[in-house]
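Here is the naming used below: chain letters follow the sequence lines, and residue numbers restart at 1 for every chain.
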Amino acid sequence: MARYWLMKSEPSKYGWDDLVAEGEGVWDGVRNHRAKNNLAAMEVGDQCFFYHSREGLEIVGICEVSVAGITDPTDPEGKWAAVKVKPVRKLEQPVTLKQVKADPRLTEMELVKLSRLSVAEVRPEEWDIVLELAGER
DNA sequence: GCCAACGTTGGC
DNA sequence: GCCAACGTTGGC
């Protein structure tokens with residue numbers, strides 16, 4: 001059973017378009033224990049929202065875990081986790097942070113509650129609600 | 001550009 | 001082992 005996640009990236013560093021251009025990207029550089037735990041829990045086939053932080057502030061697309069449980073290549077000590085993801089598709093309409101915050105059903109999302117967490121878990125019901133906000137339901 | 005929230009570091 | 005100082009992240 002696939003699980004759902006949300007990954008944040010600054011578009012000026014690595015945006016949705018970069019992932020699409022490369023076809024597959026390594027999600028590394030995470031140096032937060034909670035985020036690391038989420039990374040380590042991911043399995044191949046899990047679905048992830050791709051969120052643009054700092055600029056845009058919106059969920060722009062969906063990607064999928066293609067390789068799970070790798071160690072972060074940017075970490076010389078090999079203590080941190082990473083995964084590889086590939087783009088699935090863009091959302092019909094991006095879902096902004098504002099929309100998420102304005103929806104009473106989404107106030108418990110890790111994205112809202114732990115705003116600085118770069119890899120957050122998304123509950124199945126939250127996943128559906130976000131798709132609905134994207135005009136896909 | 002500012003500042004709040006959070007994590008980490010280091011002195012005691 | 002506590003906690004103040006500091007650095008980083010990310011929304012505004």
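Only one option out of I62(A), L111(A), V60(A) pairs with F49(A) in a side-chain contact (heavy atoms from CB on, under 4.5 Å); it is I62(A).
Residues S66(A) and E24(A) bring a donor and an acceptor atom of their side chains to less than 3.5 Å of each other.
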Please produce a list of atom pairs where a protein N or O lies less than 3.5 Å from an N or O of nucleotides 6-10 of chain B.
{"from": "dC6(B)", "atom 1": "O4'", "to": "R116(A)", "atom 2": "NH1", "distance (Å)": "3.1"}
{"from": "dC6(B)", "atom 1": "O2", "to": "R116(A)", "atom 2": "NH1", "distance (Å)": "2.7"}

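Between the axis at the start and the axis at the end of the helix from dG1(B)-dC12(C) to dC12(B)-dG1(C) there is an angle of 10°, using five pairs per end and rounding to 10 degrees.
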Let me have the donor-acceptor pairs involving side chains of residues 122-136 of chain A, under 3.5 Å, with sequence neighbours excluded, atom names and distances please.
{"from": "R123(A)", "atom 1": "NE", "to": "E126(A)", "atom 2": "OE2", "distance (Å)": "3.0"}
{"from": "R123(A)", "atom 1": "NH2", "to": "E108(A)", "atom 2": "O", "distance (Å)": "2.7"}
{"from": "R123(A)", "atom 1": "NH2", "to": "E126(A)", "atom 2": "OE2", "distance (Å)": "3.2"}
{"from": "E126(A)", "atom 1": "OE1", "to": "R123(A)", "atom 2": "N", "distance (Å)": "2.9"}
{"from": "D128(A)", "atom 1": "OD1", "to": "R137(A)", "atom 2": "NH1", "distance (Å)": "3.0"}
{"from": "E132(A)", "atom 1": "OE2", "to": "R105(A)", "atom 2": "NH2", "distance (Å)": "3.2"}
{"from": "E136(A)", "atom 1": "OE1", "to": "R89(A)", "atom 2": "NH1", "distance (Å)": "2.7"}
{"from": "E136(A)", "atom 1": "OE1", "to": "R89(A)", "atom 2": "NH2", "distance (Å)": "3.2"}
{"from": "E136(A)", "atom 1": "OE2", "to": "R89(A)", "atom 2": "NH1", "distance (Å)": "2.9"}
{"from": "E136(A)", "atom 1": "OE2", "to": "E92(A)", "atom 2": "N", "distance (Å)": "2.9"}

Just list the side-chain donor-acceptor pairs under 3.5 Å for residues 37-44 of chain A, sequence neighbours left out, or say none.
{"from": "N37(A)", "atom 1": "ND2", "to": "H33(A)", "atom 2": "O", "distance (Å)": "3.4"}
{"from": "N38(A)", "atom 1": "ND2", "to": "V119(A)", "atom 2": "O", "distance (Å)": "2.6"}

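In summary, K13(A) and D18(A) do not engage in a salt bridge, as defined by a charged side-chain N under 4.0 Å from a carboxylate O.
We find that CD of Q99(A) is positioned 15 Å from P of dG11(C), with the value rounded to whole Å. Atom-to-atom, CD1 of I59(A) to P of dG11(C) comes out at 11 Å; the value is rounded to the nearest Å.
Mapping L97(A) and K13(A) onto DNA chain C via the closest heavy atom, the residue that lands nearer the 5' end is K13(A).
Cluster annotation: V88(A) and V83(A) are assigned to distinct hydrophobic clusters (Ile/Leu/Val/Met/Phe/Trp/Tyr, side-chain heavy-atom contacts under 4.5 Å, transitive).
Within the structure, no pair that satisfies the ring-ring contact (aromatic ring centres under 6.0 Å, His included) test touches residues 88-108 of chain A, not counting sequence neighbours.
Scanning for ring-ring contact (aromatic ring centres under 6.0 Å, His included) contacts around W5(A) gives an empty result, with sequence neighbours left out.
As judged by a 4.0 angstrom heavy-atom cut-off over every strand, K98(A) is placed among residues making no nucleic acid contact.
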